[in-house]
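Predicted model, so just to flag it, every value in this text is computed and none were measured. Any value given below was found using the heavy atoms of this structure, including those in side chains, with hydrogens, waters and symmetry copies removed.
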Amino acid sequence: SGKTKWTESTSRQVKRLQSLIENLVVLTRLDEMKEISLTDIDLSSVISETAEPFRSVIESTGRKFDCQIEQDIHIQGEKRTIQQIASILLDNAAKYCDEEGAVSVRLIRKSKGAQLNVANTYREGNNVDTSRFFERFYREDESHHSGKSGFGIGLSMAKEMTERLKGKLEVSYEGDTIIFSAIFA
């Protein structure tokens, strides 16, 4: 009935606004925070725990999910912040992955620290200016992404959080695949 559709639509809008408010609160806290206190964390465990719940979401839509995590990688970091970064990147990959495409997560040990790559197939990526992905509130032309919800601040937040951990977040596009790389020292 019309009432049910209206209720569902209203409920969806409320959830979107709650998400926006939560993200804005995180951004405000980031702006106010001078330093995140870094401690030794098992990055391998944190990424595994964060990535695994995305498996069922991604696979339930007919996409492949591949997760390869080198074990026992430790860095100086902050667990909650790392979880937020990984969640934002995985949510973004799931949202923009091609139908019947694939999402992959790789955690690789580097000589100093580690690199987290979250990638998804995205055939339309050739026409996209990836350098703008980290701008706050940047959204691609809505006509190409009808049905994609979001406010364009997740990737900006992930970049700021990564930098607070003395790392860097980069994006590249190779062979129909978009790759976000978070490099932690």
Side-chain angles (χ1 to χ4, degrees), residues 15-60 63-97 102-120 130 133-138 149-172 177-185:
K15 282 181 182 151
R16 287 185 76 217
L17 288 171
Q18 281 174 329
S19 172
L20 174 63
I21 290 163
E22 285 165 17
N23 287 341
L24 289 171
V25 167
V26 170
L27 278 173
T28 303
R29 283 194 190 129
L30 276 175
D31 288 341
E32 290 169 355
M33 227 186 294
K34 297 289 178 274
E35 290 291 325
I36 293 175
S37 67
L38 306 180
T39 57
D40 179 80
I41 62 162
D42 182 345
L43 187 61
S44 304
S45 293
V46 173
I47 298 301
S48 292
E49 288 165 18
T50 308
E52 212 42 52
F54 282 89
R55 179 180 298 280
S56 58
V57 174
I58 290 164
E59 290 179 345
S60 71
R63 295 166 173 96
K64 293 184 181 73
F65 182 72
D66 181 35
C67 192
Q68 293 182 28
I69 294 171
E70 280 189 42
Q71 293 307 301
D72 205 35
I73 298 176
H74 286 254
I75 63 161
Q76 290 295 304
E78 200 270 325
K79 183 176 179 179
R80 190 162 162 256
T81 305
I82 299 261
Q83 287 170 325
Q84 287 176 313
I85 293 165
S87 292
I88 289 167
L89 296 178
L90 278 153
D91 184 58
N92 188 73
K95 195 182 288 182
Y96 291 101
C97 186
V103 172
S104 69
V105 178
R106 302 272 181 279
L107 182 65
I108 308 153
R109 190 184 317 272
K110 305 290 273 182
S111 57
K112 287 183 181 175
Q115 181 169 328
L116 169 66
N117 292 337
V118 177
N120 62 279
T130 55
F133 280 8
F134 299 118
E135 292 176 16
R136 281 190 191 179
F137 303 108
Y138 171 71
S149 66
F151 292 95
I153 59 175
L155 293 173
S156 168
M157 284 171 45
K159 185 172 176 65
E160 286 187 41
M161 286 186 231
T162 306
E163 288 168 356
R164 292 292 165 106
L165 295 174
K166 312 276 189 270
K168 60 183 176 180
L169 182 58
E170 301 170 342
V171 62
S172 59
T177 301
I178 194 154
I179 306 159
F180 286 92
S181 300
I183 297 135
F184 302 104

Stepwise side chain to side chain contact (heavy atoms under 4.5 Å, CB included) check, L90 with V105: CA-CA 8 Å; L90 278 153; V105 178; 3.5 Å; yes
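- Under the rule for a side chain to side chain contact (heavy atoms under 4.5 Å, CB included), the partners of A94 that lie at least two apart in sequence or sit in another chain are I58.
- Checked against T162 for a side-chain contact (heavy atoms from CB on, under 4.5 Å), the options T81, I85, L89 give a single hit: I85.
- Take E163 and apply the side chain to side chain contact (heavy atoms under 4.5 Å, CB included) test, not counting sequence neighbours, and it matches K159.
- Residues passing the side-chain hydrogen bond (donor to acceptor under 3.5 Å, both in side chains) test with S48, sequence neighbours excluded: none.
- For E52, the side-chain hydrogen bond (donor to acceptor under 3.5 Å, both in side chains) partners at least two apart in sequence or on another chain are R55.
- Taking the side chain as every heavy atom from C-beta outward, L43 and F184 approach each other to under 4.5 Å.
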Test log, rule side chain to side chain contact (heavy atoms under 4.5 Å, CB included), inputs Q84 and M161: CA-CA 8 Å; Q84 287 176 313; M161 286 186 231; 3.6 Å; yes
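- Considering only residues two or more places apart in sequence or on other chains, D40 meets the side chain to side chain contact (heavy atoms under 4.5 Å, CB included) condition with H74, Q76.
- Considering only residues two or more places apart in sequence or on other chains, K64 meets the side chain to side chain contact (heavy atoms under 4.5 Å, CB included) condition with A102.
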For L155 and N92: C-alpha separation, side-chain torsions, deciding distance, then whether side chain to side chain contact (heavy atoms under 4.5 Å, CB included) applies. CA-CA 8 Å; L155 293 173; N92 188 73; 3.9 Å; yes
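- The salt bridge (charged side-chain N to carboxylate O under 4.0 Å, His left out) test applied to D42 returns no partner, not counting sequence neighbours.
- For residues 104-116, every residue pair satisfying the salt bridge (Lys or Arg N to Asp or Glu O under 4.0 Å) rule, not counting sequence neighbours, is listed here: D66-R106, E70-R109.
- Contact between A119 and T177 at its shortest, heavy atoms only, is CB-CG2, 3.7 Å.
- Taken to the nearest 0.5 Å, the CZ atom of R63 stands 9.0 Å off from the CG atom of N120.
- The distance from the CD atom of Q68 to the CD1 atom of I108 is 9.0 Å, given to the nearest 0.5 Å.
- Between the CG atom in L38 and the CG atom in L165 there is a gap of 6.0 Å [rounded to 0.5 Å].
- A heavy-atom distance below 4.5 Å is not found between the side chains of Q83 and I47.
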Which is it for E78 and R80 under the salt bridge (Lys or Arg N to Asp or Glu O under 4.0 Å) test, yes or no, and what are the steps along the way? CA-CA 6 Å; E78 200 270 325; R80 190 162 162 256; 5.9 Å; no
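- The line from OG of S45 to CD1 of I69 is 9.0 Å long, rounded to the nearest 0.5 Å.
- Partners of N117 according to the side-chain hydrogen bond (donor to acceptor under 3.5 Å, both in side chains) rule, which considers only residues two or more places apart in sequence or in another chain, are Q115, S181.
- S44 contributes a side-chain N or O that, together with a main-chain N or O of D72, makes up a donor-acceptor pair within less than 3.5 Å.
- Contact annotation: the side chain of V103 never approaches that of F54 to less than 4.5 Å [non-hydrogen atoms, C-beta and beyond].
- The side-chain heavy atoms of V57 and F65, taken from C-beta on, include no pair separated by under 4.5 Å.
- Between G154 and I88, the closest heavy-atom pair is O-CG2, 3.2 Å.
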